[in-house]
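Here is the structure we will look at.
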Amino acid sequence: MGELRFVRMGFGDEAVDYQVAWDEQRRVHAARFADEVPDTVILLEHPPVYTAGRRTEDSERPLDGTPVIDVDRGGKITWHGPGQLVGYPIQKLPRPVDVVAHVRRLEEALIRTCAEFGLETTRVEGRSGVWVLGDPVERRPALGGLSLDFDPRLHDEEFDPRLNGPEYAPSNAGQRREDRKIAAIGIRVAKGVTMHGFALNVNPDNKWFDKIIPCGIRDAGVASLANELGRDVTIQEVLPVVERHLKDVLENADLRPRAVEKAPAAVGTSGA
């Protein structure tokens, strides 16, 4: 693919309202479809906002009625806000579009970014995004004085951590030594061009995630670079590293259309 363009839209006191950024995504998306601009990554910070992808269930939204913006990306509900680096890669992909391959490339760039800061992260099968793995179940501390055998999350598919105390909160997953997501990914592809993208937790207040069921996942939590490394990490420190790894992964990707398997020809029978 050709050279990737980066647009730093706004951070800190100039954080970009979600609707403003969404409108700009759509403008750049139309321009990329028309080949008026190159592949572009918009990078920014948002003021606090909850956004819900198309698969979000009512039970995963804030219980107190906090407003949520419904968006046209895949995935479920998440939070964006200060201390989180958000990226919207707007790329033209060959058709039929391989959405999974696009997601894997974004994950790879973020895994490399975390590694450069000294944090080992990985993918979790069946769950998109970038994860910090917890301890094996048998080595995790007991919750609320209960042994793991009585952990209600193991037996109740509708278990709601928001109603069961801070020991179950997504923001405390690191203390529980559970798997925790450090970067969420949710995308949309329209007319062969990608929209939306990733959110990397650099140094946010992760308690914002405690109002929702982040990404619809009830048995894991959230992480940040600052908390995992035990030191202050800033958006400005992470920004050039993310750009470098996105550039390396996306510009050097061997973009191929999704393989389409042909259905076997029907075998007809005729009566005598």
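As the structure is a computational prediction, the values presented were derived from the model and not from experiment.
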Original post:
Where do L4 and T40 land on the side-chain contact (heavy atoms from CB on, under 4.5 Å) test, with the steps shown first?
Top reply: CA-CA 6 Å; L4 197 62; T40 300; over 6 Å; no
Subject >> Derivation and outcome, salt bridge (Lys or Arg N to Asp or Glu O under 4.0 Å), residues D70 and R61 >> reply: CA-CA 11 Å; D70 289 281; R61 296 168 181 263; 2.6 Å; yes
Subject >> Criterion side-chain contact (heavy atoms from CB on, under 4.5 Å) on V124 and L133, from CA distance to verdict >> reply: CA-CA 9 Å; V124 171; L133 292 184; 3.9 Å; yes
**OP:** Any chance you could lay out the side-chain contact (heavy atoms from CB on, under 4.5 Å) test for R112 and R244, step after step, and finish with the verdict?
**Re:** CA-CA 10 Å; R112 294 184 188 183; R244 176 158 40 82; over 6 Å; no
**OP:** Using the side-chain hydrogen bond (donor to acceptor under 3.5 Å, both in side chains) rule, take T51 and R73 through it: C-alpha gap first, then chi angles, then the decisive distance, then the call.
**Re:** CA-CA 10 Å; T51 69; R73 61 166 170 79; 3.0 Å; yes
Subject >> Evaluation steps, side-chain contact (heavy atoms from CB on, under 4.5 Å), between T122 and V130 >> reply: CA-CA 6 Å; T122 188; V130 176; over 6 Å; no
Original post:
Between D179 and R127, does a salt bridge (Lys or Arg N to Asp or Glu O under 4.0 Å) hold up when you go through it step by step?
Top reply: CA-CA 11 Å; D179 294 352; R127 293 178 168 176; 5.5 Å; no
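Nearest approach of V103 to S128, heavy atoms of both residues: CG1-CB, 4.5 Å. Between P161 and I213, the shortest heavy-atom distance links the atoms CD-CD1, 3.6 Å. Scanning all heavy atoms of the two residues, the minimum distance from H102 to I187 falls at CD2-CD1, 3.4 Å. Closest heavy-atom contact between E60 and I77: O-CG2, 3.6 Å. For the residue pair L44 and A21, the shortest heavy atom distance occurs at CD2-CB, 3.8 Å. Pairing each heavy atom of F209 with each of T78, the nearest pair is CE2-OG1, 3.8 Å.
At a threshold of 4.5 Å between side-chain heavy atoms, the hydrophobic network of Ile, Leu, Val, Met, Phe, Trp and Tyr places W79 and I217 in two separate groups. Taken together through direct or relayed side-chain contacts under 4.5 Å among Ile, Leu, Val, Met, Phe, Trp and Tyr, I235 and V233 form part of one hydrophobic cluster. One hydrophobic cluster holds both V97 and I185 under the rule that ILVMFWY side chains link at heavy-atom gaps under 4.5 Å. V68 and V71 sit in two unconnected hydrophobic clusters of ILVMFWY residues. Membership requires side-chain heavy atoms under 4.5 Å apart, directly or through other members. Tracing side-chain contacts under 4.5 Å through hydrophobic residues (I, L, V, M, F, W, Y), one reaches L106 starting from I182; they form part of the same cluster.
The distance from the CZ atom of R55 to the SG atom of C215 is 9.5 Å, given to the nearest 0.5 Å. Atoms OH and NE2, on Y88 and H29 in that order, are 14.5 Å from each other to the nearest 0.5 Å. Taken to the nearest 0.5 Å, the CG atom of L85 stands 10.0 Å off from the CG atom of L225. E107 CD to T121 OG1: the interatomic distance, rounded to the nearest 0.5 Å, is 10.0 Å. Taken to the nearest 0.5 Å, the CZ atom of F198 stands 5.5 Å off from the CG atom of L110. The structure places NE2 of H196 at 11.0 Å from CD1 of I42, a figure rounded to the nearest 0.5 Å.
We find that R5 and D39 are not joined by a salt bridge, their nearest charged nitrogen and carboxylate oxygen being 4.0 Å or further apart. E108 and R105 are not joined by a salt bridge, as no carboxylate oxygen comes within less than 4.0 angstrom of a charged side-chain nitrogen. Electrostatic pairing of E36 and R32 does not count as a salt bridge here, judged by no charged N lying under 4.0 Å from a carboxylate O. Between R256 and D98 no salt bridge is recorded (no basic side-chain N to carboxylate O distance below 4.0 Å). A salt bridge links D35 to K92: at least one charged side-chain nitrogen sits closer than 4.0 Å to a carboxylate oxygen.
In terms of modelled atom types and a separation under 3.5 Å, the side chain of T194 and the main chain of V189 share no donor-acceptor contact. With hydrogens and angles ignored, the 3.5 Å screen pairs a side-chain donor or acceptor of R180 with a backbone N or O of E178. Distance alone, capped at 3.5 Å, places no donor-acceptor pair between the E45 side chain and the G10 backbone. At least one donor-acceptor pair under 3.5 Å links the side chain of R176 to the backbone N or O of A169. Remark: side-chain polar atoms of N201 are paired, donor with acceptor, to backbone N or O of A223 under 3.5 angstrom. A donor-acceptor distance shorter than 3.5 angstrom exists from the side chain of R95 to the backbone of K191, with no hydrogens or angles considered.
Between Y18 and P47, the closest side-chain pair of non-hydrogen atoms is not below 4.5 Å. Side-chain contact between F6 and L246: present, with at least one pair of heavy atoms (C-beta onward) separated by less than 4.5 Å. Considering only heavy atoms from C-beta on, R54 comes within 4.5 Å of R188 through its side chain. Two residues are said to be in side-chain contact when any heavy atoms from C-beta on lie closer than 4.5 Å; L63 and K211 fail this criterion. Counting only heavy atoms from C-beta outward, the side chains of Q91 and L250 approach each other to under 4.5 Å. Considering only heavy atoms from C-beta on, V202 stays 4.5 Å or farther from Q84 through its side chain. Contact annotation: the side chain of L229 approaches that of F117 to within less than 4.5 Å [non-hydrogen atoms, C-beta and beyond]. Side-chain atoms of Y50 and T66, non-hydrogen and from C-beta on, do get closer than 4.5 Å to each other.
For the residue pair D248 and N252, a side-chain donor N or O sits within less than 3.5 Å of a side-chain acceptor on the partner. Side-chain atoms of D210 and S171 include a donor-acceptor pair closer than 3.5 Å.
For F159 and Y168, the distance between ring centers is under 6.0 angstrom.
When the ring pair (Phe, Tyr, Trp, His ring centres under 6.0 Å) test is applied to F33, no partner is found at least two apart in sequence or on another chain. For H80, the ring pair (Phe, Tyr, Trp, His ring centres under 6.0 Å) criterion is met by H46, not counting sequence neighbours.
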Expected list for residues 236-243: side-chain donor-acceptor pairs under 3.5 angstrom, two or more places apart:
from : atom 1 : to   : atom 2 : distance (Å)
E237 : OE1    : T234 : N      : 3.4
E237 : OE2    : R231 : NH1    : 3.4
E243 : OE1    : R8   : NH2    : 2.9
E243 : OE2    : R8   : NE     : 3.0

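In Q19, the CD atom is crowded: over 12 heavy atoms of neighbouring residues, nucleotides or ligands sit closer than 6.0 Å.
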